[in-house]
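A, B, ... follow the sequence lines: proteins, then strands. Residue 1 opens every chain.
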Amino acid sequence: NVLHPMGYDAFGLPAEQYAIDHGIHPAASTHANIINFRTQLDNIGFSYDWDREFRTSDPGYYKWTQWIFLQLFAAFFNRHTKKAEKIEELVALFEKEGNKMHTSPGDPGLRFTADEWENFSEQRKMDVLMDYRLAYCGIGEVNWCEALGTVLANDEVINGVSERGGYPVVRKKLRQWYLRITEYADRLLEGLQQVEFSDAMKEMQTNWIGKSSGAEIDFAVADQATGVTLRVYTTRPDTIFGVDFMVIAPEHELVDIITSSGQAQAVDDYLTYVKSRSERERMAEKKISGVFTGAYALNPFNGRKIPVWISEYVLAGYGTGAIMAVPSGDERDHKFAIHFNIPITNIIGEYYNGQEANPTKDAILHNSGFLDGLVMKDAIDVAIGAIEEKGIGTRKVNYKMRDAAFSRQRYWGEPFPIKWIDGTAYPLDETELPLLLPEVDTYGPGPGGEGPLANLPEWTGQHLETNTMPGYAGSSWYFLRYMDPHNDKVFADRKATDYWGQVDLYIGGTEHAVGHLLYSRMWTKGLYDLGYIGHDEPYRRLVNQGMIQGSSRFVYRVRGTNEFVSAGLKENYETDEIHVDVNFVDGVELDVEAFRNWRTEYNEAQFILEDGKYICGTLTEKMSKRLYNTVNPDDLVFKYGADTFRMYEMFLGPVEMSKPWDTKGIEGVHRFLKKLWRLFYDDTKGRVWTEEKATDAELKVLHQTIRRIGNDTERFSFNTGVSGFMIAVNELTDLKCTKKEILAPLLILLTPYAPHIAEELWLQLGNAGSILDASYPVFEEKYVKENSKEYPVSVNGKLRTTMNISLEATQPEVEGLILDNAIVRKWMDGKPAKRIVYVRGKMVNVVV
RNA sequence: GCCCCGGUGGUGAAAUUGGUAGACACGCAGGACUUAAAAUCCUGUGGCCAGCAAUGGCCGUGCCGGUUCAACUCCGGCCCGGGGCACCA
């Protein structure tokens, strides 16, 4: 019993941007695109269960996206039980014992007793709770994209520009909603051990989470009022005697406090410089820069004075925003020391060559006080022990992953079910869901960096949140909705989600590694913790399909002219490269006339040919309309039929592999299907299949094939599976085997590959019942007769017969034509039909 | 810079995990049927050498070494291509 659904993730930035660019409402453009997708999917003959179809932009769906958001809003992560729990339970604990057992993830320094909690104002209580919630609102540095007018998640920013559109992105402090995914860091890591993802995928997620263990250490700052300490995070406390300087991030809170008067101007200048640099510049050119604060920290073990510097290579957002620099062991620290002439202490003896840092853990420590003589990897624990004993630090685990930005200043997304009263966010009641996305006339940004909803008086009048949720909100739980798509009482009935359980097989691209796949894993864990579903990993097995790439063609226009030079001669001219529609190109040779007719500007184009031909340049790149290298599956389906098309795609190679689309070889697959057909029906003799008993040799072929294709299917090796069928058909042809006993079982195996032909032959064999799922799209079928001999000719799989046979009408024309002559003309290699007759339900007679 | 994944005929690729490398298909060459096409069928097709021939020999999975009776497969070091991360202490 297989759940094979399809639906549309229709909210989000791309859809809205497309709508803005084309001046239409996103709901309209989304709808038009869905209609188009559906037609193409049907054409290829996918057996999706369309009864379960939905769109994430439907109120009936996003009602539950909002509902799940409210559950996350009303939950916190209990670090002792390591799971999400209801926020009321936390409130009950606060009332009993304050927060001593549950420190605030958003404000780690916050401590209060039960009495203090009682005396907090309503607003204060809500503020405190906000710092615990799994979905929370806070002020944070975010990736702000001015051109898109919105905040982007880290994974939506590539090299300092937006993934969508390539616009500049800057850091900006804004009020934002977040998901506290960092609380799930360990669970997300552990979960990877029980799922079947590729090593590459697991590694991407592991690196993104970026768990590291070490220690936080407090260094006293010299000549300061008592109590001023500098807290650093390090994974290598064993190197503490090799610390030659400290570095704090430019945004660090101690910058103002510890900077000496003598260095004030220099520090000020440096901070100005850092501010002037965009995120992009910082990433592009990693210049060594920094400034001395004038202050010194004290090594807690030998009292040595260590200069404190400021540099942008230390990130404010990671660890404590401050590091202890060990130049002999860390490349960046080493370069910094050399650049600013800071003396380097060697603590690893001959492992350090004076030229470059050595990050080894195998050296024996020198110049290291009580750690002298220990191997570094053993010294780590010894050092942490001493640090904890002295009360100047603790063992500490850190993660690179940050909480996920969850709000967008856009229109086309789920509205937050949140009301703001006196600066405090209150959830709407469940009965108020769905909070409908209002109609708007324009999508321009609202005042003060707010979203378009802020322009609506009836919206802001109700104090509703003006941000909307990001594109990944709806896609974070849709697989659960497929299990129970029409339920209007709950997001999915527990019986349904328990029955279907995890997604057994998930097919998707690696681009989702650190986005969708991480977010949906977190949502699943949250719903599991709160008792709404019975499993905490959404996907049991993930397969990364390769991408079919486009093969682009270019023409070369001589600059400033309307003259085009063939690729082989272009070096002799100064030319501009122009993408040309691949449909005008046969291989690499341009159809000059088709090109002239393409656009009016080319009507008068002149060509400089080589050997009488115009040869185009080529490049393999992603398939995109913009690059004119798309192939429309409909055309190939029309020419060869859906079955040939499907089978050829499988035959191309392993599913995981990307490759340029090339129809070279599609004839071979088409020939296979025709050959298979001839085991059942002969061009001249008509029906040839029989009820005879099979021989041992024939049974051997059948059973070898069952085994081979069974194995190939298990291994996802569809390309070799296709080969398996070809071998079987060749062998059966050699044996002249036309026996139903052998052929019928093969049709069952063939069904996923060539469903229409398999189905039609199955029925022709007189078998009861369909081998296809009832939801399968059924195409037109034609049924022709020649001299009263019957020829079923599959139109689903579109096997072209030899058109030499002359066909006669056997029935007068009747009602409900499903074919017109234009279609038949293409079918019949340009020959028009004399008459098209619709008979016997779905059957059609065609006369040419 | 770091981390993954690849590299096999003219082409797409197989090789069930250490056991006859190149299955299957495309392309190409030759042949049969046909007035001729189309369709279909048959034969050959990694390279070099010997032979009229059946056939035989040698070399071959990016490069160089190693382990093994046996290596596309395992180990070490390079080269090239694709993808990911990017100052995370």
Colleague: How far does the P atom of B:C64 sit from the matching atom of B:U73, given to the nearest Å?
Modeller: 13 Å
Colleague: Find the distance A:His252:NE2 to B:A89:C1' and express it as a whole number of Å.
Modeller: 13 Å
Colleague: Between B:U17 and B:A25, how far is it from one C1' atom to the other, in whole Å?
Modeller: 25 Å
Colleague: Would you measure the distance from the P atom in B:G76 across to the matching atom in B:A54 and give it in whole Å?
Modeller: 46 Å
Colleague: Check the distance between B:A89's C1' and A:Asp244's CG and give it to me in whole angstrom.
Modeller: 15 Å
Colleague: Assess whether atom NZ of A:Lys361 is packed by more than 12 heavy atoms of other residues, nucleotides or ligands within 6.0 Å.
Modeller: no
Colleague: A:Val243 pairs by side-chain contact (heavy atoms from CB on, under 4.5 Å) with which of A:Ile217, A:Val232, A:Val326, A:Asp333?
Modeller: A:Val326
Colleague: Send over the distance from A:His334 NE2 to B:C87 C1', rounded to a whole Å.
Modeller: 17 Å
Colleague: List in chain and number order the residues that pass side chain to side chain contact (heavy atoms under 4.5 Å, CB included) with A:Arg304, two or more places apart in sequence or in another chain; answer none if no residue qualifies.
Modeller: A:Asp244, A:Asn299, A:Asn302, A:Thr345
Colleague: Could you tell me whether the side chain of A:Asp712 and the main chain of A:Phe718 form a donor-acceptor pair under 3.5 Å?
Modeller: no
Colleague: Can you tell me if A:Lys675 touches the phosphate of B:C41, counting only side-chain N or O atoms and a distance under 4.0 Å to OP1 or OP2?
Modeller: yes
Colleague: Could you work out the separation of B:A14 and B:A21 based on their C1' atoms and round it to a whole Å?
Modeller: 10 Å
Colleague: Taking the P atom in each of B:A71 and B:C33, what is the distance between them to the nearest angstrom?
Modeller: 49 Å
Colleague: Spell out protein contact along nucleotides 11-29 of chain B as letters: B when the base is contacted, S when just the sugar-phosphate is, - when no protein heavy atom is under 4.0 Å; keep the 5' to 3' order.
Modeller: SBSSS-------BBSSS--
Colleague: A:Asp333 or A:Met204: which one's nearest nucleotide on RNA chain B is closer to the 5' end?
Modeller: A:Met204
Colleague: When you check the gap from the basic side-chain N to the acidic O, do A:Lys377 and A:Asp238 get nearer than 4.0 Å?
Modeller: no
Colleague: Roughly, in whole Å, what's the span from CG in A:Asp238 to P in B:A89?
Modeller: 14 Å
Colleague: At what distance, to the nearest 0.5 angstrom, does CG of A:Asn358 lie from CG of A:Asp330?
Modeller: 11.5 Å
Colleague: Measure CZ/A:Phe245 against P/B:A89 and give the value in whole Å, please.
Modeller: 16 Å
Colleague: With sequence neighbours excluded, tell me which residues meet ring-ring contact (aromatic ring centres under 6.0 Å, His included) with A:Tyr352.
Modeller: A:His334
Colleague: With rounding to the closest Å, how many angstrom separate the C1' atoms on B:G62 and B:C5?
Modeller: 16 Å
Colleague: Can you name the side chain to side chain contact (heavy atoms under 4.5 Å, CB included) partners of A:Met204, sequence neighbours left out?
Modeller: A:Thr510, A:Ala513
Colleague: Starting at CZ of A:Arg236 and ending at P of B:A89, how long is that distance when rounded to a whole Å?
Modeller: 11 Å
Colleague: Only Watson-Crick and G-U wobble pairs, only distances under 3.5 Å, only runs of 3 or more: what stems does that leave for RNA chain B?
Modeller: B:1-7 with B:79-85, B:10-12 with B:24-26, B:27-32 with B:40-45, B:46-50 with B:55-59, B:62-66 with B:74-78
Colleague: Could you classify B:G9 for me, syn or anti, using a glycosidic angle within 90° of 0 as syn?
Modeller: syn
Colleague: Nearest whole angstrom, please: distance from the P of B:A39 to the CZ of A:Phe672.
Modeller: 19 Å
Colleague: Do the ring centers of A:Phe680 and A:Trp689 come within less than 6.0 Å of each other?
Modeller: no
Colleague: A:Tyr270 and A:Trp309: aromatic ring centres closer than 6.0 Å?
Modeller: no
Colleague: Using atom P in both nucleotides, what's the gap between B:C72 and B:G18 to the nearest angstrom?
Modeller: 13 Å
Colleague: Quick one: is B:A89 close enough that its OP1 or OP2 comes under 4.0 Å of any side-chain N or O from A:Tyr313?
Modeller: no
Colleague: Taking syn as within 90° of 0 and anti otherwise, name the glycosidic form of B:U45.
Modeller: anti
Colleague: Test of understanding: with side chain to side chain contact (heavy atoms under 4.5 Å, CB included), list the residues that count as partners of A:His339, not counting sequence neighbours.
Modeller: A:Ile288
Colleague: In whole angstroms, how far is the P atom of B:C2 from the NZ atom of A:Lys400?
Modeller: 14 Å
Colleague: In whole Å, what separates the P atom of B:G9 from that of B:C48?
Modeller: 15 Å
Colleague: For RNA chain B, whose closest nucleotide is more 5', that of A:Asp734 or that of A:Lys211?
Modeller: A:Asp734
